[in-house]
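Read the structure below first, then the notes.
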Amino acid sequence: MTTFTTGTDTLTRDALAVLQPGFDGTTAPDWVRRRLGEGLASVALFGRNVTGAEQVAALTAQLRAERDDLLVAIDEESGDVTRLEVRTGSSFPGNHALGAVDDTDLTRDVARELGRRLAACGVNLNWAPSADVNANPDNPVIGVRSFGGDPHLVARHTAAYVEGLQSTGVAACTKHFPGHGDTGVDSHHALPHIDLDAKTLDERELRPFRAAIEAGTRAVMSAHIRVPVLDPDRPATLSRRILTDLLRGELGYQGLIVTDGMEMRAVSATYGLEHGVVLAIAAGADAICVGGGLCDEDTVQRLQDALVTAVRSGELPEERLADAAARVRALADWTTKARPSPLPADASGPEVGLTAARRAVTVTRSRPTAPPTGPVYVATFTPVANIAVGDETPWGVGAELERLLPGTTTGFFTGPDAGEQALKAAGGRRVVAVVRDEHRHPWMRTALDTLLAADPDTVVVEMGVPQASPRGAPHIATHGAARVCGVAAAEAVVAG
């Protein structure tokens, strides 16, 4: 593709303004700083950019020295999907735990404290919350990222989250429109189809997004899913019927529309990255999320060139690109004006995340059993993590049980022989078996069968969606695998 000379012309600046690229490293690369001067208005932070809160604050200050009205975005859902605490696990439970508690004041407090921490780091756009309704329990990518399976519950907690987060001047980005909860395919790998009727779509999938819009969400993220009842041809991210006619027209939403990651194969493998970006802006998207995988200057140049070429060829109306860029700048302006100064600590205190995690724990006792008082063996059954969660973030209860019950050790197992391997490694000690979405993994179910047959006093800790029937002595459901969920689960194991 032809590379145009970068400069300060309006078309080039607008093409750069709609991109939200990522980059490598924990300091600002020279190419990013240069592009900010040329019109780039947003950047995205991922786990690779984070070592700690002070470092992120220094990084964002470095970026804002080049452009003070910069949007700094991050995918910080908390719970299983954390970037700010990618190496330690989140201080806040995720949506499914908050939905299990079903206290909207608590959800609002958690989101407010999260927003306060993000704002202190210089982050002003959070790609959260997930407003997806967990209609398909076998969903491989949403799961505990959803508040639950009841659209009314999801709607009220989505609204509370938006209100809490945005009270700190951090913009919420409600996702994944028009609803990713009923998929059986991960859009990171392929294009999911959701075959449902218009009534179900309206009453189930769209209800939380209406609540988010009413709560004032400043951004909405599109899903790379095909919904034939809305558009039989194109996925939501590339569909004018879905982004412009439905979201803007019927639902009356006027804020920023952000795409999900454009490298995801649901789009890139079908339409190509550059063409997909042009189609997304033409359909009504305003900001292009890219950088989870491709995070170099060449990617930014290629996408800038694709947009400029599309305008010059007549494929993309110049006024559509200009409108998208204006919406990006308008959101940046809102974040500058909306942030309280100074930003106070939440009245509920920094322990609100642990408090929420403790309240989310559900204990089911199938038989009377004394709690362990000495060392146990923690057998953690590890499924393959989806790309959104990633495999960098530690999870489980082992570290905390090793603190509470000195001498405790932990092993990690996967595959068809996991149960036998764990039983052998336990060496006769009482086992605490930790699973994540037992219902989705037959090998995990077999492993629990093996452990429980050998010792009915085996404790089971479910840190995913507790869809399988409770079993174990006791069975402890945390509704998520955040660090604080592990702490709360370990406390429940010792309490019995």
Short side-chain to backbone donor-acceptor contact, Thr355 and Glu351, under 3.5 Å: yes
Test item: Glu263 side-chain N/O and Gly291 main-chain N/O as donor-acceptor pair under 3.5 Å: yes
Check: Glu462 side chain, Ile476 main-chain N or O, donor-acceptor pair, under 3.5 Å: no
Met262 side chain reached by Cys289 side chain, heavy atoms, under 4.5 Å: no
Non-neighbouring partners of Arg87 that pass side-chain hydrogen bond (donor to acceptor under 3.5 Å, both in side chains), sequence neighbours left out: none
Contacts of type ring pair (Phe, Tyr, Trp, His ring centres under 6.0 Å), residue Phe23, not counting sequence neighbours: none
Beyond-backbone contact of Met463 with Val397, side-chain heavy atoms, under 4.5 angstrom: yes
Residues forming a side-chain hydrogen bond (donor to acceptor under 3.5 Å, both in side chains) with Ser222, sequence neighbours excluded: Thr237
Validation row: Glu77, Trp127 side chains within 4.5 angstrom (heavy atoms): no
Test item: Asn139 side-chain N/O and His180 main-chain N/O as donor-acceptor pair under 3.5 Å: yes
Residues that Arg207 engages under side-chain contact (heavy atoms from CB on, under 4.5 Å), provided they are two or more places apart: Pro151, His152, Ala155, Glu203
All ring pair (Phe, Tyr, Trp, His ring centres under 6.0 Å) counterparts of Tyr161, not counting sequence neighbours: none
4.5 Å side-chain heavy-atom contact, Arg48 and Arg83: no
Ion pair Arg234/Asp231, N-O distance below 4.0 Å: no
Expected list for residues 406-418: side-chain donor-acceptor pairs under 3.5 angstrom, two or more places apart:
residue : atom : partner : partner atom : Å
Thr408  : OG1  : Val376  : N            : 3.1
Thr408  : OG1  : Leu405  : O            : 2.7
Thr409  : OG1  : Arg429  : NH1          : 2.9
Thr409  : OG1  : Arg429  : NH2          : 3.4
Thr410  : OG1  : Glu402  : OE2          : 3.0
Thr414  : OG1  : Thr382  : O            : 3.1

pair Arg471-Leu448: side-chain heavy atoms closer than 4.5 Å: yes
pair Val220-Val258: side-chain heavy atoms closer than 4.5 Å: no
Donor-acceptor pair, side chain of His96 and main chain of Ser146, under 3.5 angstrom: yes
